[in-house]
There are 2 protein chains.
Amino acid sequence: MIYTVGEMAKMLSVAPSTLRYYDKEGLLPFLERSGGGMRMFKDADFEWLFIIDCLKKAGMPIKDIRDFIEMVMKGDETIGDRLELFNKQRKAVEEKISQLQATLDTLNYKCWYYETAKKAGTTAVPREMNMEEVPEQMRHVKEMLQKAHSI
Amino acid sequence: MIYTVGEMAKMLSVAPSTLRYYDKEGLLPFLERSGGGMRMFKDADFEWLFIIDCLKKAGMPIKDIRDFIEMVMKGDETIGDRLELFNKQRKAVEEKISQLQATLDTLNYKCWYYETAKKAGTTAVPREMNMEEVPEQMRHVKEMLQKAHSI
DNA sequence: TATTGACTTAAAGTTAACTTTAAGTTGTAG
DNA sequence: CTACAACTTAAAGTTAACTTTAAGTCAATA
């Protein structure tokens, strides 16, 4: 199957202008054109775009993604570098997830805080609570928030 | 204790200009000034800034954070809205984490793919493998990548 | 063959969240 | 009292990743 830029964009849930931008930035050297100059996406190109999207979600800038695509175009001699690149991105995403987990801990604390305040009608109640009255999983967040006071 | 903008910036690992920018955008209405116009951060302000940072990490834009800060300044009548806001942000972060988990699955597949390619000396080996030869946890990624072919 | 919707390009515009610059002020250490 | 680092402001600059615009071309349908 052959797809136009609009069709492929729909398959990926992005704007056609995004795919044109990627092409201009050198991310799509594999892309073929019709005699009249129209972009012709193949089924196999979906895989390229899926991986590009994955690297974007991992936080990689467009220019670095282009460097990776160029590596792939060079062939098997770059396998080692590509493996290294994916190991690096894996680590980066693992770190992002654990950072977001810490953020989630803080949000959970604040949800508990405002649920408690709502029941009491005032934020004074959760605010003035002793550490023992705070649910165990929340305590490290409360400690974090009071960090400055203990310096 | 009282801190200058530079000292507080160091405590939060941000640039002093970032705190000045937040101030200009109305995120720090609690902040006091010296007679000469210098910003004077208190220990309690660390907690405000920690929560601002948490909301930023949750993906909230500066303007929405300002709206939240204004809610807090209004007092106990906004407790319900604040609880709703934090529940919303919690959900948003949970979704971000599961999106990143899917990205991690793809990266893990690619790491396996290039490890296999490296051992064989060519990407042809993992590329041409049947589904049964692919480790079980990786199979759904390979299926995803081949999605377009089956449409 | 004419219409029409989707395509083409280059170039300019957008957005958020800062960062830098320039000119001047404050506060502290010697 | 003088130096000087760190502060103050307003305004302009930066960056990435698109998006929009304008002027024109392609290709499928009636």
Side-chain angles (χ1 to χ4, degrees), chain A residues 1-42 45 48-69 89 92 96 99 103, chain B residues 1-42 45 48-69 89 92 96 99 103:
Chain A
M1 271 294 276
I2 296 292
Y3 310 94
T4 66
V5 70
E7 286 162 350
M8 186 51 100
K10 205 161 274 174
M11 287 166 68
L12 294 158
S13 306
V14 301
S17 63
T18 303
L19 295 183
R20 292 192 191 104
Y21 167 70
Y22 289 173
D23 191 15
K24 199 178 65 171
E25 293 301 309
L27 266 64
L28 318 179
F30 48 83
L31 179 57
E32 294 182 30
R33 300 282 189 135
S34 75
M38 300 293 200
R39 289 175 183 84
M40 299 193 308
F41 288 86
K42 302 176 295 296
D45 296 346
W48 280 101
L49 290 164
F50 191 90
I51 295 302
I52 286 170
D53 190 47
C54 168
L55 292 174
K56 256 191 340 129
K57 283 171 179 159
M60 211 168 169
I62 296 289
K63 291 191 179 188
D64 293 0
I65 296 175
R66 184 188 54 206
D67 294 346
F68 162 70
I69 302 281
Q89 292 308 307
K96 273 194 188 211
Q99 169 60 80
T103 299
Chain B
M1 270 295 276
I2 296 292
Y3 310 94
T4 65
V5 69
E7 286 162 353
M8 187 50 100
K10 207 160 272 172
M11 287 166 69
L12 294 157
S13 307
V14 301
S17 63
T18 303
L19 295 183
R20 293 193 191 104
Y21 167 70
Y22 289 172
D23 191 15
K24 201 179 64 172
E25 293 301 310
L27 268 63
L28 318 179
F30 48 83
L31 180 57
E32 293 182 29
R33 300 283 190 135
S34 75
M38 299 293 199
R39 290 175 183 85
M40 299 193 309
F41 288 85
K42 301 177 296 296
D45 297 345
W48 281 101
L49 291 164
F50 191 90
I51 296 302
I52 286 170
D53 191 47
C54 168
L55 292 173
K56 257 192 338 132
K57 283 171 178 160
M60 210 169 170
I62 295 290
K63 291 190 180 189
D64 293 359
I65 297 176
R66 185 188 53 208
D67 294 344
F68 162 70
I69 303 281
Q89 292 308 307
K96 273 194 188 211
Q99 168 60 79
T103 298

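Residue numbering restarts at 1 for every chain, and letters A, B, ... go by the order of the sequence lines. Hydrogens, waters and symmetry mates play no part in the numbers below; they use all other heavy atoms, side chains included.
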J.: Please give, in whole Å, the distance from D:dC7 C1' to B:Ile2 CD1?
T.: 16 Å
J.: Side chains of A:Phe41 and A:Thr4: closer than 4.5 Å at any heavy-atom pair?
T.: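 SC-SC contact between A:Phe41 and A:Thr4 ruled out.
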J.: Which nucleotide wins on minimum distance to the side chain of B:Arg33, given the candidates D:dC18, D:dT9, C:dT9?
T.: D:dT9
J.: Mind calculating the distance between CE (B:Met8) and P (D:dC7) to the nearest angstrom?
T.: 13 Å
J.: Side chain of B:Arg39 only, please: which of D:dC18, D:dT8, C:dT19 is the nearest?
T.: D:dT8
J.: Output the rounded distance in Å from CD1 (B:Ile52) to P (C:dC18).
T.: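 Atom CD1 in B:Ile52 sits about 11 Å away from atom P in C:dC18.
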J.: Find the distance between CG (A:Leu28) and CG (A:Asp45) and round it off to the nearest 0.5 Å.
T.: 8.0 Å
J.: Hey, does A:Arg20 reach any base, or is it just sugar-phosphate, or nothing, if we go heavy atoms under 4.0 Å?
T.: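 Counting heavy atoms under 4.0 Å across all strands, the contact made by A:Arg20 includes a base.
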J.: Quickly work out the B:Lys24 NZ to C:dT20 C1' distance and round it to whole Å.
T.: 12 Å
J.: Only counting residues at least two apart or in another chain, list the ones meeting salt bridge (Lys or Arg N to Asp or Glu O under 4.0 Å) with B:Lys57.
T.: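 Testing B:Lys57 for salt bridge (Lys or Arg N to Asp or Glu O under 4.0 Å), a comparison that skips the adjacent residues, returns B:Asp53.
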J.: In whole angstrom, give the distance that lies between atom CZ of B:Phe41 and atom P of D:dC7.
T.: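 Rounding to the nearest Å, CZ of B:Phe41 and P of D:dC7 are 10 Å apart.
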J.: Measure from CD on B:Glu7 to P on D:dA6 and round the result to the nearest Å.
T.: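 From B:Glu7 CD to D:dA6 P: 10 Å.
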J.: Can you check the A:Leu19 CG to D:dT19 P distance for me, whole Å?
T.: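 Nearest whole value for this atom pair: 10 Å.
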J.: Over all strands shown, is A:Ser17 touching base, sugar-phosphate only, or nothing at heavy-atom distances under 4.0 angstrom?
T.: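 Base contact - A:Ser17 has a heavy atom under 4.0 Å of at least one base atom.
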J.: Between the protein and nucleotides 13-17 of chain D, are there any N/O to N/O pairs under 3.5 Å, and if so, what are the atom names and distances?
T.:
unit_1	atom_1	unit_2	atom_2	d
D:dA17	OP2	A:Ile62	N	3.4

J.: Can you name the nearest heavy-atom pair linking A:Gln89 to A:Ala58, along with the distance?
T.: OE1-CB, 3.6 Å
J.: Listing request: all side chain to side chain donor-acceptor pair (under 3.5 Å) pairs with a residue in residues 25-39 of chain A, at least two apart in sequence or in separate chains.
T.: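 Counting only pairs at least two positions apart or across chains, the side chain to side chain donor-acceptor pair (under 3.5 Å) contacts touching residues 25-39 of chain A are A:Asp23-A:Arg33, A:Asp23-A:Arg39.
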J.: Is there a side-chain polar atom (N or O) of A:Thr4 under 4.0 Å from OP1 or OP2 of C:dC7?
T.: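 So the side-chain polar atoms of A:Thr4 do come within 4.0 Å of the phosphate oxygens OP1 or OP2 of C:dC7, strictly under.
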J.: Taking only residues two or more places apart in sequence, or in another chain, which ones meet A:Lys56 in a side-chain hydrogen bond (donor to acceptor under 3.5 Å, both in side chains)?
T.: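 A:Lys56 satisfies side-chain hydrogen bond (donor to acceptor under 3.5 Å, both in side chains) with A:Tyr22 only.
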J.: Report the distance from atom NZ of B:Lys96 to atom CD of A:Gln99, rounding to the nearest 0.5 Å.
T.: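 B:Lys96 atom NZ to A:Gln99 atom CD measures 10.5 Å (nearest 0.5 Å).
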J.: Kindly list each side-chain donor-acceptor pair under 3.5 angstrom involving residues 8-17 of chain A, sequence neighbours excluded, with atom names and distances?
T.:
none

J.: Provide a list of protein-nucleic acid N or O atom pairs under 3.5 angstrom, restricted to nucleotides 25-30 of chain D.
T.:
unit_1	atom_1	unit_2	atom_2	d
D:dA27	OP1	A:Ser34	OG	3.3

J.: Side chains of B:Leu19 and B:Leu49: does their closest heavy-atom pair fall under 4.5 Å?
T.: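 Result yes, sub-4.5 Å side-chain heavy-atom pair found.
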